[in-house]
Amino acid sequence: MPRTLVKDALNATAPNDAILLQGWVRTRRDAKAFSFIELNDGSSLKGLQIIVDASLPDYVHVTRANTGASVEVHGKLVESKGGGQKWEVVATKFTVLGEADATYPLQKKGHTLEFLREIAHLRPRSNLFGAVFRVRSRLAYAVHQFFQERGFHYVHTPIITASDAEGAGNMFRVTTLDPANPPKTPDGAVDCAQDFFGKKTFLTVSGQLEGEIFATALSSIYTFGPTFRAENSHTSRHAAEFWMIEPEVAFCDLNGDMDLAEAFVKHLIRDAKEHCAADLEFFSKFVDKELLARLDFVLDKPFVRCSYTEAVEILTKSGKTWEHPISWGANLQAEHERYLTEEHFKCPVTVYNYPRAIKAFYMRKNDGEAPDRQTVAAMDLLVPGIGEIIGGSQREERLDLLKEGMALHHLDEKAYWWYLDLRRYGSVPHAGFGLGFERMLMFVTGVANIRDVIPFARTPGTAEF
RNA sequence: UGCCUGGUAGCUCAGUGGUAGAGCAGGUGACUGUUAAUCACUUGGUCGUAGGUUCGAUCCCUACCCGGGCAGCCA
């Protein structure tokens, strides 16, 4: 007999005389003549109520079906006599597949997120994490759907890379050399030429530069994969390993890039609302009361677009005192970004055209500006509660200006020979951005800590599981 | 990395310079078409680690370890 998922049983339109369910016991309530078992198989937030009558021969096994045990139930799907659920299953055959004794850590009560992180191998069986990871799965699908429907091609950029100065933070070294006894060059330095790849290699901090290669061939591409930053960041929104989505579009300028970013974020929110409604209701009830209202609000209105120069004026005229003083040329700090999106505009804000000096070498220089007010066509999308969720730019497609940018950032042209070739041969205007998948999940679920939207979080000092 | 904050029963927490309590979980019993069921009884802790002050430290001091928050870095 084929297995029926709890989700499908709950959505049944008619009773069913013979049904098979498999899953884990969430809670059991014993009555004199029968027991109630709430069965969950991860297919939905809500479980299915199982009735095991004491007259059933298998009833002797019910006492072993404690919270956490895995069970198999053959039975009849019938309309429930009790309140609280439409359908329930009256068991005809009841089997405990795997017991869970009193040491099972998940209890029928609220646990702290900190405790659940310590049992990351069991927390997917909780309501909250079941919901988080169902949404994560759905949104990963929605990412591909959004881009595939728009003619983008999915590119697998390398995870191991030799590009070591992309300006996106510290990198993890990848090496097979013996750390205790590495080969040395005559002058005493570690001889990286003898390493596995014959040179220094790292885990990628971004697939953007390789993405540009494919955008200047396939026109519109996106990457979606793991990214690594060896920053010693102790915050609720940084992880050493996270997933990033990086579209790159040829024949596209900054406005097109901002349009794409806005459409993408809205698509993901709309998709979650449509396909994960019960899970989002759960978050709205137990994690963040404002969640659903905020998501609706974000969908309804166009995002505000505000140039860096305007943003600095707003911040200067706000009358607020800043921990980090703000003036033209300084980077926007978290407190500034939070003010813009949470207090001043009260909606998602795209800040664009940042000072050239504080942005990456590959960003396109804007023309016709005073020498002390030069900007690049960069943009950051800020959302309430999280801050920066997207960072992107139009890329510098003019060879001479790209070389100038590299000189400003003290980069060696030789290391980027292939990147410069893209400007030597058939260069086109192009633009792209990076969206932190976990930050998007935090925004959609209301979950406040990045460690709780990653199955197994890697943060400084922590790599359990 | 800097600053702040916490570490007491399996979990969530209270508490006091004289070596500790509650709720939940577990156990036993009762009761019930129950919904994190309910009621009664009950098991359970060298109070993060190592020093120091003191007649005496879980409590005060120092260091360290671990968790969390904020800032910087960014996605």
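What's counted below: heavy atoms across the whole structure, side chains too, no hydrogens, waters or symmetry copies. Below, read A as the first sequence line, B as the second, and so on, with proteins coming before strands; counting in each chain starts at 1.
With respect to the salt-bridge test (charged N to carboxylate O, under 4.0 angstrom), the residues A/R136 and A/E438 qualify. Checked for salt-bridge contact, A/D41 and A/K7 miss the test: no charged N lies under 4.0 Å from a carboxylate O.
Note: CD1 (A/I51) to P (B/U34) measures 11 Å, nearest angstrom. Computed from coordinates, the A/E38 CD to B/A37 P distance equals 8 Å when rounded to whole Å. Across the protein-nucleic acid pair, A/R338 atom CZ and B/G72 atom C1' stand 13 Å apart, rounded to whole Å. Going from atom CG of A/N170 over to atom P of B/U1 covers 12 Å, rounded to whole Å. Atom pair A/I358:CD1 and B/G72:P shows a separation of 13 Å (rounding to whole Å applied). One atom, CD of A/E118, and another, C1' of B/U12, lie 13 Å apart when rounded to the nearest Å. The interatomic distance linking A/H234 (NE2) with B/C73 (C1') rounds to 13 Å, in whole Å. Nucleotide B/C31 holds its P atom 19 Å from the CZ atom of A/R29, rounded to whole Å.
For the pair A/T235 and B/C70, the criterion of a side-chain N or O lying under 4.0 Å from OP1 or OP2 is not met. Taking side-chain N and O atoms only, A/R451 has a distance below 4.0 Å to OP1 or OP2 of B/G68. OP1 or OP2 of B/A37 has at least one side-chain nitrogen or oxygen of A/T27 nearer than 4.0 Å. Note on A/T462: a side-chain N or O is less than 4.0 Å away from OP1 or OP2 of B/G67. Within the 4.0 Å cut-off from OP1 or OP2 of B/A71, not a single side-chain nitrogen or oxygen of A/Q333 is found. Residue A/R237 has no polar side-chain atom (N or O) positioned under 4.0 Å from OP1 or OP2 of B/G69. An OP1 or OP2 oxygen of B/C66 is reached within less than 4.0 angstrom by no side-chain nitrogen or oxygen of A/R117.
Nucleic acid contact class of A/I389 (heavy atoms, under 4.0 Å, all strands): sugar-phosphate only. Within the nucleic acid shown, A/I450 comes within 4.0 Å of at least one base atom, counting heavy atoms only. Backbone-only engagement by A/N449 is indicated by non-hydrogen atom pairs under 4.0 Å involving sugar-phosphate atoms exclusively.
Side-chain N/O atoms of A/H111 and base N/O atoms of B/C11 include no donor-acceptor pair closer than 3.5 Å. No hydrogens or angles were tested; on distance alone, nothing pairs the side chain of A/Q107 with the base of B/G26 as donor and acceptor under 3.5 Å. For a distance-only test at 3.5 Å, the side chain of A/R439 qualifies as a donor-acceptor partner of the base of B/C74. Counting distance only, with no hydrogens placed and no angle test, the side-chain atoms of A/Q85 and the base atoms of B/U34 include a donor-acceptor pair under 3.5 Å. Residue side chain A/R229 reaches the base of B/A75 through a donor-acceptor N/O pair under 3.5 Å, judged by distance alone.
Using a 4.5 Å heavy-atom threshold, the side chains of A/C306 and A/F345 count as touching. Residues A/L20 and A/V73 are not in side-chain contact: their nearest non-hydrogen atoms beyond the backbone lie 4.5 Å or more apart.
Side-chain atoms of A/W328 and A/T309 include a donor-acceptor pair closer than 3.5 Å. Between the side chains of A/E212 and A/Y362, not a single donor N or O lies within less than 3.5 Å of an accepting N or O.
A/S70 places no side-chain N or O within donor-acceptor distance of the main-chain N or O of A/W24, the cut-off being under 3.5 Å. Panel note: side chain A/E396, backbone A/K365; a donor-acceptor pair is recorded below 3.5 Å.
Closest to the side chain of A/E114, from the set B/A75, B/C73, B/G67, is B/G67.
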Dump every N/O contact between nucleotides 27-29 of chain B and the protein below 3.5 Å, one line per pair.
none

What's touching nucleotides 41-44 of chain B from the protein side, N or O pairs under 3.5 Å?
none

Where does RNA chain B pair, written as one dot-bracket string 5' to 3', with Watson-Crick or G-U pairs under 3.5 Å, ( ) inside the strand, [ ] for crossing pairs and | for another strand?
(((((((..((((....[..)))).(((((.......))))).....(((((..]....))))))))))))....
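A/F34 does not qualify as a stacking partner of the B/G33 base, lacking a centre-to-centre distance under 5.5 Å together with planes within 30°.
Cation-pi check for A/K346 over A/F297 is not met; the charged atom does not lie both under 6.0 angstrom from the ring centroid and within 45 degrees of its normal.
Rounding to the nearest 0.5 Å places CZ of A/R125 at 13.0 Å from CG of A/L116.
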